[in-house]
Amino acid sequence: MEDLKRLEEFQAKIDAGEKIEPKDWMPDAYRKNLIRMMSQHAHSEIVGMLPEGNWIQRAPSLRRKLIATAKVQDEAGHGLYLYSAAETLGASREELLEALHNGKAKYSSIFNYPTLTWADMGAVGWLVDGAAMVNQVSLIGTSYGPYSRAMVRICREEAFHNRQGYEIIAELCNGTEEQKEMAQDALNRWWWPSIMMFGPSDADSPHSEQALKWGIKAEGNDSLRQKFITMTVPQAHARGLTIPDPDLKYNEETKQWEFGEVDWDEFFNVIKGNGIMNRKRLKDRNAAHDNGKWVRDAAAAYALKKKTKVA
Amino acid sequence: MYTDEIKEAQKEYLLRLADDRMILSQRLSELCGHGPILEEDIALTNISLDLLGQAKLYYEKVAELSDEEVTADDWVFFRDEREYWNVLLVELDNEDFAHTIVKQLIFDVFEILLYGEMINSKDADLKAIAEKSIKETKYHLRHSHEWMLRLGGGTEESNRRLRDAIEFLWQYTGELFYTDEVDDILVGAGIAPDVSKFRDEYYKTLNKILVESELEEMDPNVWMQSGGRDGRHTEYMGHILATMQYLPRSMPDAQW
Ligand SMILES: [Fe+2]
Ligand SMILES: [Fe+2]
Ligand SMILES: [Fe+2]
């Protein structure tokens, strides 16, 4: 009885557009749903450092190296910020990382694709950070206060990454024949995986409906996907690039770019762990964590010693 | 206006400063995403970024002083191993976190003393770079110093790893004090600091930190490795450059 009343008040608050704060009452399922979503997001930030870290050492100019390094550092900052936000719900970073490392938790499947050429650094910034940005701008409207505030800060940087990525692609498109081919090839490989970043169609998305009702998500997968496509297609055309979708066409009435069939079979397989980089990403994350254990132990032992000395 | 002799010496001197930072930054960047905790991913990447920024300023000044049409990037991407002047310390393998921290400490203590003098340089550009960089270096030193204390005073394993690292890396400290006629000319002109002036202080500071970190003092007067300033490197160097330079070299006409 008590719970039912609280649930009604909770829902009323959300419907009125108020934010839920850490100390507020919330249904257990709301808390769990948020921890799942925020930790997935945090994991995506830190796993996402790997495919881009793969190119820092090979960045072709001092300026690009500075930008690439700063970008990957931003992503680490996003991860830290999101883990802290998730901790306000009572989950510890240690247990969240454990779930990532033993393969129980998910991260964005996009990072299970490899970065093969320098143009991929452009494509990832332009498309992957672009898609992330569209998603995250909408998440500013999420009902959980700490998550919403994290998004405000992170979106500013994602917009920056998106621009920098596009600039790399633009520079390549202005360059030699070889560079142009490199840019088109990267677009060919990253386009569909980026489209898939928004997740399955709302009709097939197991968490979508409840997440929308509780205001965890502010907008459905399909509408976000459409936003991204309509934003990105003209950017590709402006650089003389071809979107690898023969069915793509502009709808004069709706002013939207309509797109072809997404290969959901590939999507679900990559999620299941069958992507070309799944194993390597988890191996690298685990290696970093395991090799760092003695360092964390030393820091903890030293902190304890200092504390007992003071006391 | 400087004489040609000073100008040539200055180019050489700036390249040494630039190469040290460039290669150390490159090595640090290998750790990005692979650190022991997320906070260290951020800190080490930040230090790598600072060093890269400093290197860029020095390369740009070399390019300015050159009569040919060269850019800062040309110096980075189109020189071979025997034309790189960095000290051997910065090119060594990352090994483990203890090596990373000790390597940084050895460099940071030197850098803070160097910049402490360089802020009095008669060359306005060098002075300005030193003033900007010393702030960054203070943060770098605080970072490596704190980790020395934690690792040295942490567990038996961390203390052992730290000791292994300092025992191996110590022989690479001497090269930081290498000088030749390039230094003589610039010290004479009031442009570059006289590093011999702070050699004692350097080793005293390092040894103090070692003792604080529950390690034994080390002897500054043992056999030291050298060769980097003359382009005689370790076997690591060629691999670092192969990775770093391959793209601009494979497409020399391209802009990035
Ligand atoms: Fe991010
Ligand atoms: Fe993100
Ligand atoms: Fe980003």
Side-chain angles (χ1 to χ4, degrees), chain A residues 42 45-66 68-70 72-77 79-80 83 93 97 117-118 168 171-172 174-176 178-179 182 284-285 287-306, chain B residues 22 25-46 48-49 52-53 55-56 59-60 71-73 75-77 96-98 101 146-147 149-159 161-162 240 243-251 253-256:
Chain A
E45 301 285 353
I46 64 168
V47 176
M49 293 170 71
L50 298 170
E52 292 195 279
N54 179 40
W55 275 94
I56 290 180
Q57 292 162 64
R58 292 178 288 170
S61 74
L62 282 166
R63 182 166 164 266
R64 293 288 174 210
K65 199 188 275 288
L66 278 166
T69 310
V72 179
Q73 192 196 14
D74 283 349
E75 306 301 2
L80 194 60
Y83 284 120
R93 199 206 304 182
L97 279 176
T117 72
W118 171 249
I168 290 177
E171 185 83 49
L172 293 173
N174 282 336
T176 63
E178 237 177 326
Q179 283 178 302
M182 208 190 245
D284 284 353
R285 275 306 320 156
H289 195 72
D290 296 347
N291 294 335
K293 186 177 184 302
W294 70 268
V295 179
R296 295 190 300 276
D297 288 348
Y302 180 73
L304 191 68
K305 262 193 226 172
K306 277 206 88 168
Chain B
M22 187 69 215
S25 167
Q26 180 78 4
R27 270 301 194 202
L28 276 175
S29 75
E30 292 172 20
L31 299 171
C32 188
H34 306 276
I37 40 170
L38 196 45
E39 283 82 350
E40 278 313 293
D41 269 325
I42 296 176
L44 293 174
T45 309
N46 195 32
S48 170
L49 208 49
L52 184 57
K56 185 162 178 274
Y59 287 126
E60 279 165 355
T71 64
D73 282 345
W75 294 106
V76 178
F77 295 100
D96 67 3
F97 190 70
I101 291 302
E146 280 172 2
W147 272 108
L149 299 179
R150 283 190 202 111
L151 298 182
T155 62
E156 220 170 282
E157 178 181 7
S158 66
N159 183 279
R161 283 178 183 264
L162 197 63
I240 294 174
T243 302
M244 186 168 88
Q245 298 178 332
Y246 104 90
L247 192 50
R249 287 199 180 211
S250 68
M251 301 185 202
D253 302 326
Q255 297 283 312
W256 304 96

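We name chains A, B, ... by the order of the sequence lines, and we start the count at 1 in each one.
- When the candidates A/G53, A/A299, A/S61 are compared by the number of heavy-atom contacts under 4.5 Å with chain B, A/S61 comes out ahead.
- Interface residue B/A98: backbone and side-chain heavy atoms are both found under 4.5 Å from chain A.
- The side-chain contact (heavy atoms from CB on, under 4.5 Å) check on B/A72 picks up A/L62, B/Y59, B/E60, with sequence neighbours excluded.
- In this structure, chain B has no heavy atom under 4.5 Å from any part of A/L97.
- Heavy atoms of other residues, nucleotides or ligands lying less than 6.0 angstrom from CD of B/E146 number more than 12.
- At a 4.5 Å heavy-atom cutoff, B/R249 makes no contact with chain A through either its backbone or its side chain.
- Heavy atoms closer than 4.5 Å to chain A are found in the side chain of B/F77, but not in its backbone.
- Using a 4.5 Å cut-off on side-chain heavy atoms (C-beta onward), B/M244 and A/Q57 make no contact.
- Residues passing the side-chain contact (heavy atoms from CB on, under 4.5 Å) test with A/Y302, sequence neighbours excluded: A/K306, B/L149, B/R150.
- Comparing A/R93, A/E52, A/R63 by heavy-atom pairs within less than 4.5 Å of chain B, the highest count is held by A/R93.
- With a threshold of 4.5 angstrom between heavy atoms, A/E178 approaches chain B through side-chain atoms but not through N, CA, C or O.
- Interface summary for chain B: among A/R64, A/Q179, A/R296, A/M49, the most heavy-atom pairs under 4.5 angstrom belong to A/Q179.
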